[in-house]
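Any value given below was found using the heavy atoms of this structure, including those in side chains, with hydrogens, waters and symmetry copies removed.
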Amino acid sequence: MISGIAAARAAQQYAARAAARYGTRHPLARALLAAAATAAARAWEAGHRVRDLHPSPTTQKGIHG
């Protein structure tokens with residue numbers, strides 16, 4: 001079974017790709033955006049925070065890059 005944070009990341013990536021390819025008004029993009037929001041909400045309720053899904057650039061590379 002996939003963890004909540006991994007599911008949220010995957011859902012976000014699929015939704016972003018669909019939105020970029022088809023636009024946000026396309027039914028597939030809308031469905032994937034809804035799934036991403038649901039996965040993010042579940043991850044939040046499981047105790048993950050936004051920074052777990054979207055780490056800041058300084059934490060990814062260090063303060064000086």
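How far OG1 of T24 is from CG of L32: 12.5 Å, rounded to the nearest 0.5 Å. Considering CG of L28 and CZ of R21, their distance stands at 9.5 Å, rounded to 0.5 Å.
Looking at every heavy atom in both residues, A15 comes nearest to A36 through CB-CB, 4.2 Å. Across all their heavy atoms, G23 and A29 have their closest contact at O-CB, 3.3 Å.
For residues 3-23, every residue pair satisfying the ring-ring contact (aromatic ring centres under 6.0 Å, His included) rule, not counting sequence neighbours, is listed here: Y22-H26.
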